[in-house]
Amino acid sequence: MKKVLNVADIKEIIRGGKLNLSINRQYVDNLNVFPVPDGDTGTNMSLTMTSTVKEMDVVNDGDARTVCAAIAKGALKGARGNSGVILSQILKGITDTLSKEKTITTKVFAAALCAGSQKAYDAVVNPKEGTILTVIRLISDYAERSARRTPDFIDFFSKIIKRGEEVLADTPRMLPVLAKAGVVDSGGQGLIYILQGMYNALAGVEMKEPESEEQLPQQAISAASVDENDYENITFSYCTEYFIVNLKKQTTMADIDKLRDKLCKIGDCVLVVGDLSAVKVHVHTNTPNVALEYALKLGDLDNMKIENMREQYRRIHANDVTEHVEVGVLSICTGDGFKKIFNEFGAKVMEGGQTMNPSVDDIASNVRKVNADTVYILPNNKNIILACERVVEIVDCNLVIIPTRDVLQGIAALTAFDPEGDVEINKNNMSDILEEMTSVEITHAVKDAEADGFKVKTGDIIALSGNIIARGDDVDDVVLDVLKKYSPDDICVVDLYYGASVTEVSASELTEKVEELLPDCDVHCINGGQPHYDYFISIA
């Protein structure tokens, strides 16, 4: 049992964090999609930790205060990119707290984590949840509670790492771009690796290099998993970083704050951290020269780095060119199952739907990717149709909009599509078939309401077909109530597309109930994978 950390322990956990992050650097790089998919989060954090250890090791026999100061200085000197700068501030907050204590217990370390979290949030002008900031904040919150009953550092680290992994797994829910790419936040993952390395150092766990790239998630390895829109929508192209050193005698902390305000007016992702001994600056801007001019008024510039993020993306995706065709289809939807279905029909798919309505530029970009003379587009949501109609004005191809109001209509429309057919005939056939089917959505009410003759409470299961047509407390019962509204003689086929929140077993059990209710109908159970909706039901 280890209840107190000494100076040697502090050094060892910093080395352990650095080593474990270095081992997993490539993994973290491959997760990187936010704020831009430039694949360097692991590298930036690793270089930050390398500088930290290098500066720390200069102090041979120093006391805790001296070692902590060296750690903070090394982290700031080596900080690269948003992730590296935020990490440096986490380490700054941690070491500031540790340096003031004679005895470092788990309670003290928990307080240090909280200080690190606060320091990191203070450094970011517009904090974004679902990133490393969220991970460190929720870890530190839990650490304070856990430390009261966990005096042993081995158990303490084990607990906070477990909590951190839970938070990390939830980051795609907080940040849609992560959900699109099928990855967790890269900075948050890097932080978890550092904490795991600290644990390993204390527990005597050997750390080895990964044997192969097979350990990397395939969706993270593939550059195609990152939606180009997330990159193209960035307003500011140049990632600009530098140090301000040898600050002028008249420079004050207020001047540093003013620099931050000025940078916010010419860019985003602004980080200005440090003190009158040295200041680290990071900003995304279209005028890096102006960002440098502002800084020169305060002192000398050092370690300058300016990168064109758009050009980085172009290099990554240089080979992502679809062969030109005469006719193509673009379908907008969510859910892995539905994406697979549309792909099997030969359609290209872009992410979008309920609560995720893409912009006109998003849609236009994906229309261009289809690379066809004529592109049929399936909005599959009533709130996306209007945006699709505006796309006609900004693309060069012949854009044919089929006004599908949900994904089931989109699938039905494709069954009437002839790739070699006349455009007008296709348009009429695909639009006409929409009138021949009925689609029903099963979801949960998000607020109390009275509508369509129903009194609905938050959390109720409701069935929608234009209006509310059924409500209840059980999903299966609501589905069966909907089907009972139709005469069995009027139904030939029922397709049940189950969502992400429904298990295959539950969907199969419901299918059996529907088959018992409608013994003369063809009933199909299909994995749609859609969020928000338990089932989409096609009735024909």
Side-chain angles (χ1 to χ4, degrees), residues 166 169-170 172-173 179 182 331 333-345 349 353-356 380-381 405-412 414-415 436-447 449 452-540:
E166 293 171 351
D170 199 37
R173 182 186 62 79
S331 176
C333 71
T334 57
D336 291 341
F338 281 116
K339 291 176 185 177
K340 182 178 180 181
I341 292 169
F342 283 115
N343 285 154
E344 289 174 349
F345 272 105
V349 174
Q354 194 68 23
T355 76
M356 297 175 60
N380 300 331
N381 186 288
R405 298 170 68 85
D406 58 55
V407 287
L408 302 188
Q409 287 193 342
I411 293 171
L414 280 179
T415 64
E436 301 173 8
M437 62 167 294
T438 299
S439 57
V440 180
E441 301 164 342
I442 308 297
T443 188
H444 295 250
V446 295
K447 62 180 180 179
D452 307 319
F454 291 92
K455 184 176 290 186
V456 177
K457 294 183 178 181
T458 302
D460 282 355
I461 311 298
I462 55 175
L464 304 171
S465 185
N467 300 316
I468 299 175
I469 60 173
R471 66 154 296 279
D473 300 320
D474 180 79
V475 172
D476 289 12
D477 290 343
V478 172
V479 171
L480 296 175
D481 286 345
V482 168
L483 295 176
K484 289 175 183 177
K485 295 178 181 293
Y486 298 87
S487 168
D489 296 333
D490 295 333
I491 304 177
C492 296
V493 180
V494 175
D495 292 331
L496 301 170
Y497 295 86
Y498 61 93
S501 62
V502 179
T503 66
E504 183 177 357
V505 172
S506 297
S508 297
E509 292 174 350
L510 175 59
T511 301
E512 293 177 1
K513 295 176 183 178
V514 174
E515 288 173 338
E516 291 178 7
L517 178 67
L518 302 169
D520 296 326
C521 291
D522 289 331
V523 182
H524 306 122
C525 178
I526 306 152
N527 181 7
Q530 69 275 7
H532 310 303
Y533 295 88
D534 296 295
Y535 289 95
F536 286 151
I537 307 172
S538 173
I539 303 171

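Counting heavy atoms from C-beta on, the side chains of Ile411 and Phe342 come closer than 4.5 Å. Ile341 has its side chain within reach of Ile526: a pair of non-hydrogen atoms, C-beta onward, lies under 4.5 Å apart.
One distance of note links CG of Leu408 with SG of Cys333; it measures 11.0 Å at 0.5 Å rounding. A distance of 5.5 Å separates CG in Leu483 from CD1 in Ile537, rounded to the nearest 0.5 Å. Here the CG-CG distance, from Asn527 to Leu496, works out to 12.5 Å after rounding to the nearest 0.5 Å. Distance check: Asn381 CG to Asp406 CG gives 8.5 Å after rounding to the nearest 0.5 Å. Ile491 contributes atom CD1, which lies 11.0 Å from atom CG of Asp520 (distance to the nearest 0.5 angstrom). Note that CG of Leu510 and CD of Glu515 are 10.0 Å apart. Values are rounded to the nearest 0.5 Å.
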Audit row: Ile462, Val478, side chain to side chain contact (heavy atoms under 4.5 Å, CB included) steps and yes/no: CA-CA 7 Å; Ile462 55 175; Val478 172; over 6 Å; no
Can Val407 and Phe536 be said to form a side chain to side chain contact (heavy atoms under 4.5 Å, CB included), step by step? CA-CA 9 Å; Val407 287; Phe536 286 151; 3.4 Å; yes
Please determine whether side chain to side chain contact (heavy atoms under 4.5 Å, CB included) holds for the pair Ser538 and Val493, giving the CA-CA distance in whole Å, both sets of side-chain angles, and the decisive distance to 0.1 Å. CA-CA 8 Å; Ser538 173; Val493 180; over 6 Å; no
Please assess Ile461 against Asp474 for the test side chain to side chain contact (heavy atoms under 4.5 Å, CB included), listing each intermediate value before the final yes or no. CA-CA 7 Å; Ile461 311 298; Asp474 180 79; 6.0 Å; no
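A pairwise comparison of heavy atoms in Ala507 and Cys525 identifies CB-SG, 3.5 Å as the closest pair. Minimum heavy-atom separation, Gly335 to Pro531: N-CD, 4.4 Å.
With a 6.0 Å radius and a threshold of 12 heavy atoms from other residues, nucleotides or ligands, Arg471 has its CZ atom above the threshold. Under a cut-off of 6.0 angstrom, the local environment of CD in Glu504 is sparse, with at most 12 non-hydrogen atoms contributed by other residues, nucleotides or ligands.
The ring pair (Phe, Tyr, Trp, His ring centres under 6.0 Å) analysis of residues 496-516, with sequence neighbours excluded, yields the pairs Phe338-Tyr497.
Classification of Asp460 and Lys457 as a salt-bridged pair fails, no side-chain N sitting under 4.0 Å from a carboxylate O.
Here the side chain of Ser465 pairs no donor or acceptor atom with the backbone of Val440 at under 3.5 angstrom.
Under the rule for a side chain to side chain contact (heavy atoms under 4.5 Å, CB included), the partners of Lys513 that lie at least two apart in sequence or sit in another chain are Asp476, Leu480.
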